[in-house]
Each structure stands twice: as C-alpha cells, then as structure tokens.
Amino acid sequence: MPWFILFLAGLCEVAWAVGLKYTDGYTRPVPTAITVVFMVLSVVLLGIAVKSLPLGTSYAVWTGIGAIGTVVLGIVLFDESASWPRLLCVGLILAGIVGLKLVTPGQG
C-alpha cells in the first residue's frame, strides 16, 4: 500500500506541474485553486508514504514520477520535443525508479 500511495503522490505532482501552465502566472483563479489542491495532496500523500518507505527512496520516486509524467504530458498537450535524447533521459529516470523499487527491502 505505501508504494501505491507514493504512486498517487507522484500523479498529483504531475497534475500540479501541468496545472502551473494553466494558471497563467497564478492570474486565473480556478486553475490556480486546482493546482494548489494537487500541490497539497501530493505532499500529504508523500508524507503518508514516508511513514513506511525510506525517505530518500520515496523522494526520488516521487520526483521521478512527476518528471516523467510532466515530460510526457508536455509532449502530448503542449507539443514539446519528443527527441530521442530527451526520451532516452526519461527512460533513465524510469530505470532509476524501477531500480529503487527493486532494491528497497521489506516493502512490497
């Protein structure tokens, strides 16, 4: 369950990072409010996950999920570059997340 909570925290990080684009510098109230809710939810869920998982692993996985999701949605929603070097780097982040999951003892 802590890994699932950490995954949800990462998805919330993706939501608030993408939401920043829609806030227009925090000048649009509804997108700003939604973004802030996801910011808070992301950190709360991360806090719950670190009760059972190592802090360093949790933080790295949380930011990794956020980075990967934000890059992917940037490509899909905002026509950002999908060059092979960029995707290779995202793949390396994913490999790091999987590696941390595999080497974290005792947490299923």
Side-chain angles (χ1 to χ4, degrees):
M1 193 63 152
W3 284 101
F4 180 69
I5 292 169
L6 184 58
F7 179 72
L8 290 178
L11 292 180
C12 289
E13 185 180 5
V14 173
W16 73 253
V18 172
L20 288 174
K21 192 81 166 169
Y22 293 101
T23 68
D24 197 25
Y26 300 106
T27 60
R28 298 178 59 211
V30 173
T32 297
I34 292 168
T35 299
V36 170
V37 166
F38 277 109
M39 286 176 171
V40 171
L41 187 56
S42 181
V43 173
V44 167
L45 290 170
L46 175 63
I48 293 167
V50 300
K51 291 166 86 175
S52 302
L53 297 171
L55 174 63
T57 298
S58 298
Y59 186 76
V61 170
W62 178 65
T63 57
I65 292 168
I68 291 169
T70 303
V71 168
V72 169
L73 287 179
I75 291 167
V76 171
L77 298 175
F78 307 117
D79 200 31
E80 294 178 1
S81 171
S83 67
W84 73 263
R86 194 165 190 241
L87 296 177
L88 175 63
C89 291
V90 170
L92 292 171
I93 295 169
L94 179 60
I97 292 171
V98 170
L100 286 170
K101 170 69 169 100
L102 293 174
V103 301
T104 302
Q107 280 82 26

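One-based numbering along the sequence shown. These values consider heavy atoms only, across backbone and side chains, with no hydrogens, waters or symmetry-generated copies.
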* Asked: Do V44 and L11 belong to the same hydrophobic cluster, where Ile, Leu, Val, Met, Phe, Trp and Tyr are linked whenever their side-chain heavy atoms lie under 4.5 Å apart, directly or via other members?
  -> yes
* Do you know which two heavy atoms are closest between W3 and L53, and how far apart they sit? -> NE1-CD2, 3.4 Å
* To do: Would you check if Y26 and L20 make a side-chain contact, meaning some heavy-atom pair closer than 4.5 Å?
  => yes
* State the OG1-CD1 distance between T23 and I34, to the nearest 0.5 angstrom. => 11.0 Å
* Asked: Can you list the residues that meet the salt bridge (charged side-chain N to carboxylate O under 4.0 Å, His left out) rule with R28, with sequence neighbours excluded?
  -> none
* Structure fact -> Separation between CG (L88) and CZ (R86), nearest 0.5 Å, reads 13.0 Å
* To do: Mind checking side-chain contact (heavy atoms from CB on, under 4.5 Å) for T70 and listing every partner two or more places apart, or none if nothing turns up?
  => V14, A17
* **Min side-chain heavy-atom separation V18-F78 under 4.5 Å** => yes
* **All side-chain contact (heavy atoms from CB on, under 4.5 Å) counterparts of L100, not counting sequence neighbours** => T57, A60, V61
* Find out if a path of hydrophobic residues (ILVMFWY) with successive side-chain heavy-atom gaps under 4.5 Å connects W84 to V72. => no
* To do: Using the rule that two of Ile, Leu, Val, Met, Phe, Trp, Tyr join whenever any of their side-chain heavy atoms come within less than 4.5 Å, decide whether V103 and L94 are in one cluster.
  => no
* Asked: Less than 4.5 Å apart, any side-chain heavy atom of P31 and any of D24?
  -> no
* Asked: Quick one: do L92 and I75 end up in the same hydrophobic cluster if we chain Ile, Leu, Val, Met, Phe, Trp and Tyr together by side-chain heavy atoms under 4.5 Å apart?
  -> no
* Compare all side-chain heavy atoms of I93 with those of V71 and state whether any distance is below 4.5 angstrom. => no
* Shared hydrophobic cluster, L87 / I97 (ILVMFWY, side-chain heavy atoms < 4.5 Å) -> yes
* **Min side-chain heavy-atom separation L77-Y22 under 4.5 Å** => yes
* Provide the closest heavy-atom pair for P54 versus T104 in the form atom of the first, atom of the second, distance. => CD-CG2, 3.8 Å
* Structure fact -> W62 and G10 have their tightest heavy-atom pair at CD1-N, 3.7 Å
* Enclosure of F4 CZ (heavy-atom neighbours >12, cutoff 6.0 Å) -> no
* Structure fact -> Here the gap from L45 atom CG to L6 atom CG, rounded to the nearest 0.5 Å, amounts to 9.0 Å
* Sub-3.5 Å donor-acceptor pair from the side chain of S42 to the main-chain atoms of M39, do we have one? -> no
